Amino acid sequence: MSAIDIKQLTEGHLNGTRVWVCHFNQPDLLKKPLRNVPPTEMLVVSNGNLPENKKIYYSTCHLRPLSKKGLPTSRIVPIFDNTGFRGYTGTPLHVFDNKEECIKQWHRDLDVVRAKIDHEIEVAAKVWEDRLASHRELYVDE
């Protein structure tokens, strides 16, 4: 199989299922990532099991990472990030049924950000080379 349909997940059809999730999203390189969830095995849990002071938006379920013993931890991971507003749900996690596909997606997410960083380095180098060239033109021959 591989990628899991987010709609099936958010509607609660996969409650009790173990899934692999990951997501790296850093649209602004000058700020920390909006989401940094390395490949992790998690359990899909109904929102009925949430503490009273917690609220999950745009989904009937949430995720809980599994401990080394295979039991769900108390940490709550929402399916959508915090970029949502009213009719827009935000960006969902990448959800898979196996570790290998999850790791491949994680690497693709990291490659996107690395390409942005490489581009910014090229642009910065060009700016400084141009500034140095214009500075060299200021010298007067004797």
Side-chain angles (χ1 to χ4, degrees), residues 1-140:
M1 184 119 182
S2 73
I4 293 176
D5 181 37
I6 293 298
K7 187 173 181 180
Q8 272 194 330
L9 186 66
T10 58
E11 290 176 351
H13 298 297
L14 300 174
N15 289 351
T17 306
R18 290 176 178 229
V19 295
W20 281 88
V21 301
C22 64
H23 195 214
F24 190 85
N25 184 15
Q26 187 176 12
D28 186 346
L29 297 177
L30 299 176
K31 296 180 181 176
K32 68 180 187 170
L34 291 178
R35 203 150 212 203
N36 181 2
V37 181
T40 308
E41 189 175 22
M42 297 196 188
L43 183 69
V44 182
V45 181
S46 168
N47 284 347
N49 299 337
L50 278 173
E52 288 183 25
N53 63 341
K54 295 284 184 180
K55 177 78 172 139
I56 298 291
Y57 296 98
Y58 310 114
S59 177
T60 62
C61 61
H62 61 279
L63 303 164
R64 293 193 183 223
L66 297 175
S67 68
K68 290 180 181 178
K69 294 180 181 179
L71 300 173
T73 62
S74 61
R75 185 170 152 234
I76 296 168
V77 179
I79 295 167
F80 296 99
D81 65 13
N82 61 357
T83 60
F85 182 72
R86 294 189 183 165
Y88 175 66
T89 57
T91 307
L93 290 165
H94 301 295
V95 184
F96 300 91
D97 62 359
N98 65 67
K99 183 178 183 178
E100 294 77 24
E101 289 296 320
C102 190
I103 291 172
K104 286 179 187 176
Q105 180 61 49
W106 175 251
H107 290 168
R108 284 191 293 267
D109 286 354
L110 295 176
D111 289 345
V112 167
V113 174
R114 183 174 182 154
K116 288 180 187 177
I117 292 170
D118 288 342
H119 176 71
E120 289 297 319
I121 290 170
E122 289 174 15
V123 168
K126 174 86 171 96
V127 166
W128 285 105
E129 288 169 4
D130 292 347
R131 185 174 286 182
L132 181 59
S134 66
H135 181 74
R136 286 184 179 135
E137 292 173 1
L138 296 175
Y139 285 94
V140 178

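Numbers for residues simply follow the sequence, beginning at 1. Fair warning: this is a prediction, and the values are worked out from it, not measured in the lab.
- One distance of note links NE2 of His119 with CG of Leu29; it measures 10.0 Å at 0.5 Å rounding.
- When every heavy atom of Pro72 is checked against every heavy atom of Arg64, the shortest pair comes out as CB-CB, 4.1 Å.
- The nearest pair of heavy atoms linking Leu43 to Gly16 is CD1-O, 3.4 Å.
- Within the model, atoms CD of Glu122 and CD of Glu120 stand 10.0 Å from one another, a figure rounded to the nearest 0.5 Å.
- The pair Lys104-Glu101 counts as a salt bridge, with a side-chain nitrogen and a carboxylate oxygen less than 4.0 angstrom apart.
- Residues Ser59 and Ile79 come closest through the heavy atom pair OG-CD1, 3.4 Å.
- Between Pro33 and Phe24, the closest side-chain pair of non-hydrogen atoms falls below 4.5 Å.
- Nearest heavy-atom pair, Pro27 versus Lys116, reported as atom, atom and distance to 0.1 Å: CA-NZ, 3.7 Å.
- With a 4.5 Å cut-off on side-chain heavy atoms, Pro51 and Ile76 count as touching.
- Looking at His107, Arg35, His94 one by one, the single match for side chain to side chain contact (heavy atoms under 4.5 Å, CB included) with Cys22 turns out to be His94.
- Note that CG of Asn15 and NE2 of His62 are 9.0 Å apart. Values are rounded to the nearest 0.5 Å.
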**OP:** Test side-chain contact (heavy atoms from CB on, under 4.5 Å) on Leu93 and Val77 and set out the steps.
**Re:** CA-CA 10 Å; Leu93 290 165; Val77 179; 3.9 Å; yes
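- Not a single donor-acceptor pair under 3.5 Å links the side chain of Asp97 to the backbone N or O of Ile4.
- For Lys99, the NZ atom sits in a loose shell: 12 or fewer heavy atoms of surrounding residues, nucleotides or ligands are nearer than 6.0 Å.
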Original post:
Step by step, would you call Leu63 with Val44 a side-chain contact (heavy atoms from CB on, under 4.5 Å)?
Top reply: CA-CA 5 Å; Leu63 303 164; Val44 182; 3.7 Å; yes
Subject >> Test log, rule side-chain contact (heavy atoms from CB on, under 4.5 Å), inputs Phe80 and Ile6 >> reply: CA-CA 10 Å; Phe80 296 99; Ile6 293 298; 3.9 Å; yes
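- Judged by distance alone, the side chain of Thr60 and the main-chain N or O of Gly12 form a donor-acceptor pair under 3.5 Å.
- At a threshold of 4.5 Å between non-hydrogen side-chain atoms, the residues Ile56 and Leu50 count as touching.
- In this structure, the side chains of Met42 and Val37 come closer than 4.5 Å at one or more pairs of heavy atoms.
- Side-chain atoms of Glu41 and Val19, non-hydrogen and from C-beta on, never get closer than 4.5 Å to each other.
- Of the possible polar contacts, none joining the Gln26 side chain to the Lys32 backbone as a donor-acceptor pair under 3.5 Å is found.
- The two residues Asn49 and Val45 come nearest to each other via the heavy atoms ND2-CG1, 3.4 Å.
- Remark: Leu66 CG to Leu71 CG distance equals 8.0 Å, nearest 0.5 Å.
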Original post:
Can you list the steps and then say if His23 with Asp81 is a side chain to side chain donor-acceptor pair (under 3.5 Å)?
Top reply: CA-CA 10 Å; His23 195 214; Asp81 65 13; 5.1 Å; no
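- For Arg108, the CZ atom sits in a packed shell: over 12 heavy atoms of surrounding residues, nucleotides or ligands are nearer than 6.0 Å.
- Using a 4.5 Å heavy-atom threshold, the side chains of Pro38 and Asn36 count as touching.
- Closest heavy-atom contact between Leu9 and Cys61: O-SG, 2.8 Å.
- From Arg114, atom CZ reaches atom CG of Asp109 across 15.0 Å, with rounding to the nearest 0.5 Å.
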